[in-house]
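See below for the structure under consideration.
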Amino acid sequence: MTLDRSAGLVETARALAAGEVGSRQLTQECLARIEATQGTLNAFRVVRAEAALAEADAADAQLAAGVRRPLLGVPVAVKDDMDVAGEPTAFGCVGDFPAVAEDGEAVRRLRAAGAVIVGKTNTCEFGQWPFTEGPAFGATRNPWNPEHTPGGSSGGSAAAVAAGLVPAALGSDGAGSVRIPASWTRLVGIKPQRGRISTWPRGESFQGITVNGTLARTVADAALLLDAASGNDPRDPHRPPRIDAVGAVGRDPGRLRIALALKPPFTAVRARLHPEVRARVLDLAGKLEELGHRVTLADPPYGQIGLTFVPRATAGIAEWVSEAPHPELLDRRTRGAARLGRLLGGPPLRAARRAEAVLHRRIGGFFASYDVILAPTTAAPPPRIGALMELGGLATDRAMIAACPYAWTWNVLGWPGVAVPAGFVGPGLPVGAQLLGPANSEPLLISLAAQLERELRWHELWPPHGAEKDRAAPEPGDALRM
């Protein structure tokens, strides 16, 4: 039997467990799709063809022996900021990075669940920007329109899943880096509670603002990968209570009080919500009202939350730069951010970390009146390839804030969010919205996202530049076609 390449993570795992298909066959097909699109979409930095086939053969032997694990034999991908034993972790950078000796904890958890790791996906340099381009690997392109970016920094993972190269992938999110590319490639992206998926061997990646998350075409697939990758190294500083993400998919969320938050948090750069993006988010709000939820225009009391983000983000960049084997080869913007991070790494960083508890109390109080926040994921559709690549540091920051002002606040808080598709704008470019909640609220957010998915069926539409060329794509001007 040949499993349709549109099959997601849940269906692939079921077919393998039922003996309808073998892991080696699936992995060979996956590797062939990657090879066929690498020259155009360029989603992968490392393709582990030989190692992945060996892992698939081992999975087939276990399946034949009656072993059952959640992802046994399923091919998946991980972002190139995660350690995979025997491979370098270049994190988007130029240079000769050595192979690492051990899997990071998230990858170890995937292996324990039985997954086959087919490769490591492209990301911009140290994950700083909402595009996936750089001299180390070129440009990763959006399967919906290759002239545009899939977003960043988990753009390679998003492009790979959206194009049907793998059924799901891990990414990381330090300022929206799972949710932004999910929205710009029409995927579901789960940014979980801090510590839900370990970032070990870094107990606090980027001073705690970066978490690992999942990208998939459906809520059920994203939830299954979340459950499989979740868990902690004993040395992790953040160890949230376990959740059942898969169980939440079929659960009725109940009638919820939803705050529609359209105003961007205050930043030094003015951000304007693109009218077409606003219209798509309003369409989604209308659908939630049709489903029986009460949607009210209301913005969380963010205050000066931006002052707590910059020291943590730039100090994190400084830490990565200090470990780079060839810092002289890094982007000038990276070196500038690292210099700022070293300046802010003392009292400003400590003050920023202390402020988190105050923010938790103030913004947490907002959830006494509301259960969930619905907000745009981005203020604009995905920019063209190269549009931000040659800008200077300040110009890049201004462009980045203008396009993506909505996602980073939840990284400061460490709370979960789920990005969902919201339709198309302009020449068939996907945009999305995010469902945001307080600490450990993934089950509620997942159940609400799944309810929306059952109505809108966004996963049934495929991009024109993916693993299959004959799937329907949106016409220019299509809005909420699902």
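Given the structure is predicted, the values throughout are model-derived calculations rather than measurements.
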Exercise. Does the side chain of Thr185 reach to within under 4.5 Å of the side chain of Leu215, using non-hydrogen atoms?
Worked result: no
For this session: Using a cut-off of 6.0 Å, state whether more than 12 heavy atoms not belonging to Glu35 lie near its atom CD.
Result: no
Exercise. Side chains of Cys93 and Leu329: does their closest heavy-atom pair fall under 4.5 Å?
Worked result: no
For this session: Could you please spell out the steps behind the side chain to side chain contact (heavy atoms under 4.5 Å, CB included) verdict for Arg335 and Val321?
Result: CA-CA 8 Å; Arg335 297 195 300 270; Val321 168; 5.8 Å; no
Problem set entry | Exercise: do Lys79 and Ser154 side chains pair donor with acceptor under 3.5 Å | yes
Exercise. With a cut-off of 6.0 Å (strictly less than), are more than 12 heavy atoms of other residues, nucleotides or ligands near CD of Glu390?
Worked result: no
For this session: Check whether any side-chain heavy atom of Val431 sits under 4.5 Å from a side-chain heavy atom of Ser183, and report yes or no.
Result: no
Exercise. So, Asp80 and Lys120, do they make that salt bridge, N to O below 4.0 Å?
Worked result: yes
For this session: Please round to the nearest 0.5 Å and tell me the distance separating atom OG of Ser322 and atom CD1 of Ile317.
Result: 12.0 Å
Problem set entry | Residue pair Glu204 / Pro237, side-chain heavy-atom distance below 4.5 Å | yes
Problem set entry | Verdict with supporting geometry, Arg333 and Glu125, salt bridge (Lys or Arg N to Asp or Glu O under 4.0 Å) | CA-CA 10 Å; Arg333 294 169 291 186; Glu125 199 166 284; over 6 Å; no
Seminar exercise, completed: Heavy atoms of Lys191 and Val211 approach each other most closely as CG-CG2, 3.6 Å
Exercise. Is a side-chain N or O of Asn232 found less than 3.5 angstrom from the main chain of His238, in a donor-acceptor match?
Worked result: yes
For this session: Enter the distance from Thr214:OG1 to Asp227:CG here, rounded to the nearest 0.5 Å.
Result: 9.5 Å
For this session: Hey, could you give me the CG/OH distance between Leu260 and Tyr370, rounded to the nearest 0.5 Å?
Result: 10.0 Å
Problem set entry | Arg202 atom CZ: more than 12 heavy-atom contacts under 6.0 Å | yes
Problem set entry | Validation row: Lys263, Tyr302 side chains within 4.5 angstrom (heavy atoms) | no
Exercise. At what distance, to the nearest 0.5 angstrom, does CZ of Arg354 lie from CG of Leu349?
Worked result: 10.0 Å
Exercise. Is any side-chain heavy atom of Thr121 less than 4.5 Å from a side-chain heavy atom of Leu170?
Worked result: no
Problem set entry | Parallel, tilted or perpendicular, as decided by the 30° and 60° cut-offs, for the rings of Trp320 and Phe91 | perpendicular
Donor-acceptor pairs under 3.5 Å, side chain of residues 130-137 to any protein atom, not counting sequence neighbours: which ones?
unit_1 : atom_1 : unit_2 : atom_2 : d
Thr132 : OG1    : Gly151 : O      : 2.7
Thr132 : OG1    : Gly155 : N      : 3.2
Glu133 : OE1    : Gly386 : N      : 3.1
Glu133 : OE2    : Gly386 : N      : 3.3

Exercise. If you take all heavy atoms of Arg217 and Leu187, which pair is closest and at what distance?
Worked result: CG-CD2, 3.8 Å
Exercise. Side-chain donor-acceptor pair under 3.5 Å between Thr334 and Gln128, yes or no?
Worked result: yes
Exercise. Atom CD1 in Ile197, atom CG in Leu226: separation rounded to 0.5 Å?
Worked result: 5.0 Å
Problem set entry | Beyond-backbone contact of Thr199 with Asp81, side-chain heavy atoms, under 4.5 angstrom | no
Exercise. Is Glu323 atom CD crowded by more than 12 heavy atoms from other residues, nucleotides or ligands, each under 6.0 Å away?
Worked result: yes
Exercise. Mind checking whether Trp200 and Arg108 have side chains closer than 4.5 Å, heavy atoms only?
Worked result: no
For this session: Return yes when atom CZ of Arg342 has more than 12 non-hydrogen atoms of other residues, nucleotides or ligands closer than 6.0 Å, and no otherwise.
Result: yes
For this session: Walk me through it: do Ser6 and Trp462 pass the test side-chain hydrogen bond (donor to acceptor under 3.5 Å, both in side chains)?
Result: CA-CA 9 Å; Ser6 66; Trp462 281 76; 5.0 Å; no
